[in-house]
Amino acid sequence: VPVIGSVMNICIRAPLSASPLRERRRVRVVLVGDRGCGRSSLVASLLHERFHAKVPAVLKAVSAGPDQTGHNLSLDIVDTSSSISERKATIKQMCSADVILIVCSFDNERSLLQCEELWFPLMTQLELDTPVVVAVNKSDLRHSTANNSLFAERARRIGNHPRVYSMVECSAKSLAFVPQLFISVQEAFFFPRSPLVDIVTGEPTAEFLQALNRVFRLLDCDHDDVLNDDELSSFQERCSGQRLGAEQIQAVKQLVASQCNESAEGGVTFTMFCQLMDILLQTRQIDSVWDILTQFGYGANLLLRDDYVSYPSALGDRAFDQSCELTPRAVGFLTRLFRQFDRDHDGGLSNAITLQQQQQQHMQLDLDKSDSNNSNNNSNNNNS
């Protein structure tokens, strides 16, 4: 999606080693896959930067240091056997993995089917939400695949599976995209998909929607339930340090409006904002979504980080005869926030509503505004 890639390049990417999501500097990746797909060859090509024609069927556990990973990180790489008799040992390794790398190959169409028929169901059975990266090895044999269109369709379906962080076509023989494959493995650990999307249904999690709801309300400075052009531009500036131009804002609004089948001329609604995040997820820009969330204080568990909500030391160090009071600015903010949710304007908030009900209110408000705009347009046409 060009607009997301260029116009809504939400955040300047920080190096993985600077990510606030994970403090660990070692990532344990476990390789699984059919015999002959090149698991061992991929690891050997990464470590030695050249192809080895003869490698063991199963490599011993090895480590790749920062000079080989491209970041201030280390990878602990564990290979497993494809033999059914060794399945228990493979399962044990999978359960201890930070990332699972499933290796398929262009000359083995069955290896792709194994993702859906073996590995994904096995992970469901084990109740694992471990990030998955799929490597399609032997890209140098791409054109020798018996049925290219069928293979491509299967690969597309597997690549879109909710469990899969990314799919990388590579070649251990030509070294094509081998470094990128293991960079993707690191990103899958630092920018996990499972807190954002249910790995079974593919739908956004309740925690993710709740976080988006808070982000939207913080961006909606005038509390009118839509993001106007200036608020959208401020959103971009907060995340990347650069404001959007008028043409770029229009392009973003047109994109989300087309996905929601409604007009964005009055601004971007909460439904459209969620759709924008969904577009980023669908196009595998999961790191961009996490960049947004971390800008607004969220950690890997979608809870606000301690460094974001820490209180000034003066609150805890004050003398017994001192007190703390809200500033007029804080009182004003809370007053505006109260009035925003006092829908019936009775000076009081009714019983707490669920997040789902709140989203339904947002959607109903969007529909009401859309109906009002259509009514005004019809009225103008009749007057004309």
Side-chain angles (χ1 to χ4, degrees), residues 1-11 191 193 195-198 202-240 242-298 302 304 336-337 340-341 343 353-370 372-373:
V1 184
V3 173
I4 294 298
S6 57
V7 174
M8 210 60 180
N9 186 12
I10 302 291
C11 190
F191 305 106
R193 182 178 174 82
L196 311 179
V197 178
D198 188 292
E203 297 296 321
T205 63
E207 294 80 6
F208 181 39
L209 290 174
Q210 189 172 25
L212 290 182
N213 186 50
R214 172 179 169 270
V215 171
F216 182 87
R217 288 193 287 109
L218 290 174
L219 294 172
D220 183 20
C221 297
D222 55 8
H223 308 295
D224 63 349
D225 290 320
V226 294
L227 301 182
N228 57 39
D229 292 1
D230 188 60
E231 289 165 343
L232 280 174
S233 189
S234 297
F235 173 39
Q236 172 78 5
E237 184 177 28
R238 175 168 180 168
C239 293
S240 70
Q242 299 176 348
R243 294 181 68 85
L244 293 174
E247 293 183 0
Q248 295 172 318
I249 291 175
Q250 196 61 29
V252 172
K253 290 164 66 174
Q254 289 176 355
L255 174 66
V256 294
S258 66
Q259 296 289 322
C260 296
N261 295 320
E262 56 180 300
S263 173
E265 290 304 315
V268 171
T269 63
F270 178 68
T271 302
M272 294 179 183
F273 184 71
C274 290
Q275 185 62 47
L276 176 60
M277 297 302 107
D278 188 54
I279 292 172
L280 290 172
L281 290 174
Q282 288 178 9
T283 54
R284 290 299 189 263
Q285 299 182 69
I286 304 172
D287 54 346
S288 293
V289 177
W290 274 115
D291 285 338
I292 295 168
L293 293 171
T294 53
Q295 285 290 333
F296 286 86
Y298 289 97
L302 285 182
L304 293 177
R336 291 192 300 272
L337 190 64
Q340 179 185 4
F341 290 97
R343 302 285 183 178
I353 61 174
T354 65
L355 178 62
Q356 183 178 7
Q357 290 172 322
Q358 193 174 21
Q359 291 164 353
Q360 289 174 348
Q361 286 186 2
H362 274 296
M363 295 176 66
Q364 185 59 48
L365 187 62
D366 296 346
L367 291 173
D368 292 343
K369 289 183 178 180
S370 178
S372 175
N373 291 336

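Only heavy atoms go into these numbers, but all of them, side chains included; no hydrogens, no water, no symmetry mates.
A side chain to side chain donor-acceptor pair (under 3.5 Å) with R243 is found for exactly one of Q248, E237, Q236, namely E237. The only member of L276, V268, L227 that meets side chain to side chain contact (heavy atoms under 4.5 Å, CB included) when paired with K253 is V268.
M272 and G267 make their closest contact through SD-O, 4.0 Å (heavy atoms, listed as atom of the first residue, atom of the second, distance). Minimum interatomic distance between A211 and Y298 (heavy atoms only, all atoms of both residues): CA-OH, 3.5 Å. Taking every heavy atom of both residues into account, G266 and V226 meet most closely at O-CG2, 3.7 Å.
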Item to check | side chain to side chain contact (heavy atoms under 4.5 Å, CB included) between L304 and R214, intermediate numbers included | outcome: CA-CA 11 Å; L304 293 177; R214 172 179 169 270; 3.7 Å; yes
Checklist entry - Would L302 and L293 count as a side chain to side chain contact (heavy atoms under 4.5 Å, CB included) if you check the C-alpha gap in whole Å, the side-chain angles of each, and the deciding distance to 0.1 Å? => result CA-CA 8 Å; L302 285 182; L293 293 171; 3.7 Å; yes
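Taking 4.5 Å as the limit, every side-chain heavy atom of L232 sits out of range of all side-chain heavy atoms of L219. Within the 4.5 Å cutoff, the side chain of Q259 has heavy atoms near those of the I279 side chain. F270 has its side chain out of reach of R217: every pair of non-hydrogen atoms, C-beta onward, lies at least 4.5 Å apart. Side chains of Q285 and F191 form no contact here, defined as non-hydrogen atoms less than 4.5 Å apart. L196 is not listed as a side-chain neighbour of P204, based on a closest heavy-atom distance of 4.5 Å or more. A heavy-atom distance below 4.5 Å is found between the side chains of I292 and F235. Two residues are said to be in side-chain contact when any heavy atoms from C-beta on lie closer than 4.5 Å; L281 and F208 meet this criterion.
Side-chain N or O atoms of E231 include one that pairs as donor or acceptor with a backbone N or O of C221 at under 3.5 Å. A donor-acceptor pair under 3.5 Å links the side-chain atoms of S234 to the main chain of D230, judged by distance alone. At distances below 3.5 Å, not a single donor-acceptor pair connects side-chain atoms of D198 with backbone N or O atoms of T205.
Inspection of the Q295 and D291 side chains reveals no N or O donor paired with an N or O acceptor under 3.5 Å.
Q254 contributes atom CD, which lies 7.5 Å from atom CD of E265 (distance to the nearest 0.5 angstrom). If you take CG on D220 and CG on D225, they are separated by 6.0 Å, rounding to the nearest 0.5 Å. The structure places CD of Q250 at 12.0 Å from CG of L255, a figure rounded to the nearest 0.5 Å. Rounded to the nearest 0.5 Å, atoms CZ (F273) and CG (N213) are 10.0 Å apart. Once rounded to the nearest 0.5 Å, the distance linking CG of L209 with CZ of F216 reads 13.5 Å. Here SG of C239 is found 5.5 Å from CZ of F296. Values are rounded to the nearest 0.5 Å.
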